[in-house]
Student: 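Below you'll find the structure I mean.
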Amino acid sequence: MKIGVPREIKTHEYRVGLTPGAVREYVGAGHAVLVETNAGAGIGATDDDYRRAGATILGSAREVFASSDMIVKVKEPQPSEWTLLRENQILFTYLHLAPGPEQAKGLLNSGCTAVAYETVTDAQGGLPLLAPMSEVAGRLAIEAAGAALRRHAGGRGLLMGGVPGVQPARVVVLGGGVVGTHAARMAVGLGAEVTILDRSIPRLRELDELFEGRVRTRFSTIDALENEVFSADVVIGAVLVPGASAPKLVSRGMLSSMRKRAVIVDVAIDQGGCFETSCPTTHDDPTYEVDGVIHYYVANMPGAVPLTSSQALNHATLPFGLALANKGFAAVLENLHLRAGLNVHRGRLTSEAVAESLGLPCSPIEQAAA
């Protein structure tokens, strides 16, 4: 199969779909890899690095899309890329279709087969291709919050961990999954006072044992949510409903009761965000203020550390990508975990969560494949 790797074109997105090391694996398995020139520049990988790995370098994204059976990317395709996709072509990337009806329309019109990293599952019921970027984003969320707390950035003027004799920042994490756990780990490491809210008692028990009492855990009720959010210096949104839009946990009306110049970091922004005031931002202009509260809502946070992110992502996606390259769409039909990742096929939505979020019909995979 011919595997295409276009350069990412989203604002300040420096990751790459395949690293040179991953290219060697595809080439070693008998596949041809076509890489757009300078696709790996963001991670310091030159065209010569890709040539040494066995790839062929093409001069434009249009050539890559036109010549490839499968496109491997990082971020969701942008409008200029929708028109380059075609029927019987596989797209393997993050999609986050629930909050993106226009993108969904573009993919449906293309007739392509789109497998979303964020809904591929594993035998343990986890999301193995979302996990590495969730780990990165969770850790970056605390770095971003620490920077936004500084007075010149509009924040309260707090040092995350305080100093002896001075109260540290109060960090509240909404959601105890991968993002929330890694955010809490970073915040605790900096010396912040950390609380995690979640609606799973077993998960709260696991977190209590994991952090050995260094983090407060609370079952997430309306009262607990308001109590914690209103007294927080930093709130991290880390709630995930696989494939679907994130639930809106914090209303705009609640902002007036929060501490002035507190910071919200919404890691769930790719799925629409878990705050009513959620609106995607970029690394160029990452924050905005609503009712005296600083909002950090960058939709591709891991793109700021592309070398770490690309390597971690490639390690996770490689076995699934090779399965698709080896067997094509048959791999989706044979592999339950890739089936869970299928969002679009030949003009039909195949993910119930995505279809429900978009208010569109969902077709069973067998029906879509007929």
Side-chain angles (χ1 to χ4, degrees), residues 98-99 134 137-138 141-142 144-146 148-149 155-156 158 160-162 167-188 190-242 244-269 271-279 288-297 353 357:
S134 295
I142 298 303
L149 274 176
R156 302 193 68 223
L158 278 176
M160 184 73 74
Q167 182 79 9
R170 294 195 65 182
V171 177
V172 174
V173 181
L174 308 181
V178 177
V179 170
T181 301
H182 283 263
R185 188 190 301 275
M186 287 290 286
V188 167
L190 290 172
E193 179 183 320
V194 182
T195 300
I196 302 177
L197 280 77
D198 200 281
R199 295 186 70 87
S200 168
I201 293 295
R203 182 56 182 163
L204 292 176
R205 290 196 181 104
E206 292 173 354
L207 291 167
D208 189 63
E209 293 180 5
L210 175 66
F211 287 103
E212 298 180 333
R214 293 176 296 165
V215 166
R216 295 171 61 232
T217 58
R218 292 193 68 176
F219 185 78
S220 185
T221 62
I222 295 173
D223 282 343
L225 181 70
E226 291 181 347
N227 180 266
E228 294 297 337
V229 168
F230 293 164
S231 61
D233 299 302
V234 172
V235 181
I236 306 294
V239 178
L240 173 70
V241 179
S245 296
K248 304 297 184 186
L249 300 181
V250 177
S251 68
R252 177 164 186 171
M254 294 172 65
L255 299 187
S256 61
S257 297
M258 291 181 64
R259 291 179 171 177
K260 293 303 178 185
R261 300 190 178 278
V263 173
I264 292 173
V265 180
D266 194 351
V267 186
I269 190 62
Q271 295 296 130
C274 53
F275 301 83
E276 186 180 357
T277 47
S278 296
C279 183
Y288 58 92
E289 184 177 331
V290 178
D291 297 339
V293 176
I294 309 302
H295 294 54
Y296 181 101
Y297 286 177
S357 294

Student: Taking all heavy atoms of Ala184 and all of Ile196, pick out the closest pair and write down the distance.
Tutor: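 The pair with the smallest heavy-atom distance is CB-CD1, 3.7 Å.
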Student: Got Val194 and Arg214 here, is their nearest side-chain heavy-atom distance under 4.5 Å?
Tutor: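 Not in contact.
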Student: What is the minimum heavy-atom distance between Ile142 and Ala183, and which atoms define it?
Tutor: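 For Ile142 versus Ala183, the nearest heavy atoms are CG1-O, 3.1 Å.
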Student: Check the angle between the aromatic planes of Tyr288 and Tyr297 and answer parallel, tilted or perpendicular using the 30° and 60° thresholds.
Tutor: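 Ring orientation, 0 to 90° scale: perpendicular.
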Student: What is the minimum heavy-atom distance between Ser278 and Asp266, and which atoms define it?
Tutor: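 Of all heavy-atom pairs spanning Ser278 and Asp266, the closest is OG-OD2, 2.7 Å.
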Student: Specify the closest pair of heavy atoms between Val173 and Gly180, including all atoms of both residues, with the distance to one decimal.
Tutor: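 Result for this residue pair: CG1-CA, 3.5 Å.
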Student: Working note: Thr181 + Arg203, criterion side chain to side chain contact (heavy atoms under 4.5 Å, CB included); need CA distance, chi angles, decisive distance, verdict.
Tutor: CA-CA 11 Å; Thr181 301; Arg203 182 56 182 163; 2.7 Å; yes
Student: With heavy-atom distances below 4.5 Å as the criterion, would you say the side chains of Leu197 and Val229 are in contact?
Tutor: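 No, side chains not in contact.
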Student: Taking side chain as C-beta onward, heavy atoms only, is Lys248 less than 4.5 Å from Phe275?
Tutor: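 The answer is no; the side chains never approach within 4.5 Å.
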Student: Would you please test Asp233 and Arg259 for side chain to side chain contact (heavy atoms under 4.5 Å, CB included) and show each step?
Tutor: CA-CA 7 Å; Asp233 299 302; Arg259 291 179 171 177; 2.9 Å; yes
Student: More than 12 foreign heavy atoms under 6.0 Å from CD1 of Ile201: is that the case here?
Tutor: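 Counting neighbours around CD1 of Ile201, more than 12 heavy atoms of other residues, nucleotides or ligands fall under 6.0 Å, so yes.
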Student: Evaluate side chain to side chain donor-acceptor pair (under 3.5 Å) for Arg170 paired with Ser231, printing each intermediate quantity in order.
Tutor: CA-CA 8 Å; Arg170 294 195 65 182; Ser231 61; 3.1 Å; yes
Student: Which atom pair, heavy atoms only, marks the closest approach of Pro168 to Gly191?
Tutor: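 Heavy atoms of Pro168 and Gly191 come nearest at CB-O, 3.3 Å.
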Student: If you compare all heavy atoms of Val267 against all heavy atoms of Ala141, which two are closest, and at what distance to 0.1 Å?
Tutor: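 Val267 and Ala141 have their closest heavy atoms at CG2-CB, 3.9 Å.
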